[in-house]
Amino acid sequence: LCSVRELEVKVNELGLKYKSEETVLLRYCSGKCDKHRENYDMVMKHMMTVGFREKGRKDKVSIQPCCRPTAFEHFTVLDTTVNPSRYLNIHNVSAKNCGCV
Amino acid sequence: LCSVRELEVKVNELGLKYKSEETVLLRYCSGKCDKHRENYDMVMKHMMTVGFREKGRKDKVSIQPCCRPTAFEHFTVLDTTVNPSRYLNIHNVSAKNCGCV
Amino acid sequence: CLYVPQKEYIETVYVGQQAGTPILQVHAMQDNKSEKPHFYLCRTKTTTPSHYSSWFYMNINTGTLFLNKTLEESDFAQLYQRSPSVRKLFLYTMVRSEFTDKPLCLIRKPVPIILDFVNATLPQCAQTDTKELCFPHRDTSNPHIMENRFPGALRQLQRLSRLNVCPNYTISYSVESDPPGPFAVNDNKELVVNAQLDREENECYRLLLVCNVQSETTIIKVETTLNVFVDDEDDNAPYVNGTDSADIVISYNRTKGGTFGTLYVFDRDITPVSGNNHNKYLGTWLNTDPWIKETFDIKNSFTEKKAKGIRETVHNYQLVLKRNLHVTENRTLQLDYLVNDTIYPGLEGTVLLHFNVTILPVQIHFPNVTHIFTVSRRASAYAQVGKICVENCQQFDGFSVIYRLEVPDKNMSADSQACYTAISITQSPNRKWGHLYVNDSEALCKPECQDLQYLVVAQEGKEQLEASTQIHIKIDGTAIRAGQKSQQVLSCAENRQRADCESTRGLGATTGRCQWRQGTEKGITENYSTCSPDLQTCPDSVCDAVESKDPSICPQDCTKEPVIGGHERGLSGNGIKACYGTCYCFTERCFCEKDDIEQTLCDEMCK
Amino acid sequence: MITLAFSVCSPKRIIKPGPGAQPEWVNCIEASEMCNQDPQCSSWYRVMRQCLVGKEKDAMLDNNRECQAALEVLLVSPLYNCRCKRSLKTEQQCLQIYWSINMGRNEERDCNPCLDAAKACNLNGSCKRQRASYINICSKADFKPGETCSRKRCHKALKAFIDRVPSEFTHRLLFCPCQTTGCAERRRQTIVPDCSYKDKEKPNCLELRKVCHQDPLCRSRLADYKENCGMTPHAASTCPNQDNHQACLASFARLVGTDVTPNYVDSSFSNWTISPWCTCKGSGNQEEECQNFLRYFTNNACLSKPSQLMNSLKCHKHAMWNFLLQPRKSSKSCELQSYATLMVSCQIPVFSVIELFSEITVAVMFFKCGCWRHD
């Protein structure tokens, strides 16, 4: 099920190339959302397989809600690899909570 | 870009097996959301390619917001194929508006 | 006036000590020979007299503190303190040069006497450590002696309260001073200073006090150190070391608050930052011309310096403009400023400083050169053409210059006039420069619009001084084809790859096309890959006058929106100084991201 | 003062046996055989080997109770002190045993207690939020253009951090012992000094004290600091209230965010100095009083003692440091008391280091206030 997962990572392991060696708790959203589908999703599934082709449409659509953060949190860490050292404020980088949206 | 698209369809073409021959305006969400990405999405992209493997994690995560309805609308149609004919109310079947979430 | 050289007195009293037992000795230093010290235990206004103050009395003439009663265990029990073994008694003493029957402590801080009352009898000789006989147990207060004063006793070395503990011991004291100083021990075993001291010679004497305890069989030597500090008084006049006058030329920098010339006045005395008005300096203009007083002020500050280890004061005086000077102001003045050490008693307590000021008018004129600028016919709107400014504009401060473009020949044909909408001019934020940029790219494309001659007029704000010069705009290259003209002009920064970038007609593009910069470094770097209208000016960490006209011209320098991905903002918090990978921007946000294609490409090459 | 020769962190620890002296260490293969003969030692040794398998060994050694318990026992077994002799046939096998025990050893280069302190805070929800809050207020790093740091708001946020977050996090950030400049710089930056501490000019310390005395909160916190850290000369111990270092550290921490905010003056780690942002220049005849006030911070044995104690422990991230600072659920929970009293009062079952520690006699460090140096 779509939920918050936690992973201890160093800031320099986030892939954003910030060099701080601080370790942070990265929270992300993962898991299934099929239980939250609506009629809309059923219709989209049908349209993607049959409907759109018949109408000459090539649009791509999602056929179920996706497991996404519904609120973010920031990391505030110190980078001492530069001189003078400075604080970094990395915005909206970790999921505060998740939901099927 | 993620936006509302419209398509005239008959109710019986929705794939929900309702038999009404009425035609409705189906509204759905499609288009790109990469312009709405956050640091979170960039980190998820990195974790999916490198990070999770290094940490022995196999979670699947979305690496950008998805284009989804932010509000639904219903269809209310008359099904005359049955006797007596009756009105059908199909809930949350069409997108009132869309957004990158 | 009379003063007590010690900041506090500490001693210990015991149960069983008899009335009349001497506890400690307070000393007073004289200001002049005629002063006769009267010593009192005094009561402060704020505190109610403690019930135990009657247990003690002080000899008004000698300053010796005695027990007024024999101390009992019940006395110890009466004290409202929890400690079972030692409780503290607080008394205050003061010294006056005349008698008083109302011993209310003087306004200035009275000297505290802190007695540790021990719930035990006085240790006998055998249980008494020799150190206890020689020096008080916790004597933390170092004496402070005012310079230029009379000799005198400043401290009782022997512990009066232990006089009779070891009657067959003979105790004697000696003192050594580093640096050598006029200190000795008198017959009453008091530390005395035998001559007046001069702080400007030495601020602190480190004394080694040696106590010799002689019994029938042994001589024990106990040492301790004591620092005697010499307090300063204002006994030195201010003096100038070097020049007392400064020649000042005020030309381009004529802004309110501007500071000019620095003169130094020295004083061998020290200056406290606050408190009593010790070594107080005041300054006055001797010039009476009101214009001077409305225009100039003096900025004074002082710093403490050490010369051969002795602290002294250096006062700095700078001329300050109280208002912006008009560009036309043209004067020569001699300003005289009298500095007065108001506390110094002598006659030479003043120093006269001279500021010889020459105020030059500022000429607003363009350098005598022909200004030629080139612009491509394909340039898009906001493409930067060049910068122009009047002579010495870089040094202007306190006044600003506004630039405008004029068509030299007013009677030219309407078609020709239409060409002149092509170029426009705007001020840089500090209003020193005029920035020329493409205002109407359509006009550039018209074949009839060949080279353009503008008149640039520079006008000084207040005095309306004007200067003008002719500039020549060469329009070169061929116009863009009709098909391309319909191509929408976008923000270069939206492109994240070279091919898209170089095929886009971008806002502010000097050639009409955007320019790609390929970054080579890894990590978050200032040399990031990006698509720019003009790599000469964007990105350069400066959101200049033209770029700030539209956020999509050069978001790399100007954006205030969020930036997603590894990055570092510009100095003022705007723009993107450094970025990881490729920097590309949309209206609501920018991204710093390793491009997938490059990434795979790079992974192969970069291993 | 007995300089503690025992330091887990740095390789210099290996005591070279003097000429003819019995070597103090055992060969690792013999040590493992001795351990295997002891049921308790061999079972923990098996647990330890499982802890070291796989990628997440760091997280296992940090957080897994079983692994920590195994390491505690093995730290006092012969295995801990074993060594290997070069060029013996069995060198390879011996070294495998050696490195499996001394996991922490090769990481002492990046042994950074202040970084561990930041990690502990980042992994605790409340500490993380409070820390982010004061940092954003105090550092201009946030990208709101034009807004410079407001010292008043910064101090308020720092006080909130110190008051609301448990001291096991705040003290660790403020007082982590360092052996590298990077670590000491991180410690100095904890209170974002550019905003909360530094200023264009240094006021006179007596002036600063006067300003503090005019604010009831600052005055009480300064008095509290003097009460708990004010070491009086001739005192037998280095701290008032029976060597209660913890009270001193707590009152020091409460000064952060007041007008007399103290901080490390630079990022030196060996002989660091703590001081408020002030000078004794301009004290006039009260120079001695000013120097005495400043010495409460710059030469305070009660304040420097804890760090020296923790310095000698260094940090072995898998055992001593984490173990000491995280309340042990299994035995009598020992909140972070003062480092000295913690050493004595905590019933840590078997730990040779502790006995060594409790015998340390704290030399009576006192000195008369000297004339200020004539520099």
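Residue numbers start from 1 in every chain, and the chains themselves are labelled A, B, ... in the order their sequence lines are given, proteins ahead of strands. Values below: every heavy atom of this structure, side chains too, minus hydrogens, waters and symmetry copies.
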Winner by heavy-atom pair count (cut-off under 4.5 Å) against chain A, out of B:Val43, B:Val50, B:Thr49 = B:Val43
Option in B:Thr70, B:Asp59, B:Ile90 with maximal non-hydrogen atom pairs under 4.5 Å from chain A = B:Asp59
ask   = So which of A:Arg68, A:Glu54, A:His46 has the largest heavy-atom pair count under 4.5 angstrom toward chain B?
value = A:Arg68
ask   = Is chain B contacted by the side chain of A:Leu16, its backbone, both, or neither, given a heavy-atom distance below 4.5 Å?
value = side chain
ask   = Which of residues 32-40 of chain B have a heavy atom under 4.5 Å from any heavy atom of chain A?
value = B:Glu38, B:Asn39, B:Tyr40
Most chain B-contacting option - heavy-atom pairs closer than 4.5 Å, from A:Gly51, A:Pro69, A:Ala95 = A:Pro69
task = Mark yes when over 12 heavy atoms from residues, nucleotides or ligands other than A:Lys55 sit less than 6.0 Å from its NZ; otherwise mark no.
result = yes
message = Report which part of B:Ser62 has an atom under 4.5 Å of a heavy atom belonging to chain A: side chain, backbone, both, or neither.
response = both
inquiry  = List the residues meeting side-chain hydrogen bond (donor to acceptor under 3.5 Å, both in side chains) with B:Lys96, not counting sequence neighbours, and say none if there are none.
reply    = none
note = The interface call for A:Cys29 against chain B, heavy-atom contacts under 4.5 Å, is both
ask   = Given a strict heavy-atom distance threshold of 4.5 Å, which part of B:Phe72 is in contact with chain A: side chain, backbone, both, or neither?
value = side chain
ask   = For A:Gln64, is it the side chain, the backbone, both, or neither that has a heavy atom closer than 4.5 Å to a heavy atom of chain B?
value = backbone
task = May I ask you to decide if B:Lys60's main-chain N or O and A:Ser30's side chain share a donor-acceptor pair within less than 3.5 Å?
result = yes
query = Do any of residues 6-13 of chain B have a heavy atom less than 4.5 Å from a heavy atom of chain A, and if so, which, in residue order?
reply = B:Glu6, B:Leu7, B:Glu8, B:Val9, B:Glu13
query = Is there any ring-ring contact (aromatic ring centres under 6.0 Å, His included) pair reaching into residues 75-101 of chain B, and which pairs are they, with sequence neighbours excluded?
reply = B:His74-B:His91
query = Does the pair A:Leu26 and B:Met47 meet the rule for a side-chain contact (heavy atoms from CB on, under 4.5 Å), with working shown?
reply = CA-CA 11 Å; A:Leu26 175 63; B:Met47 298 308 276; 4.1 Å; yes
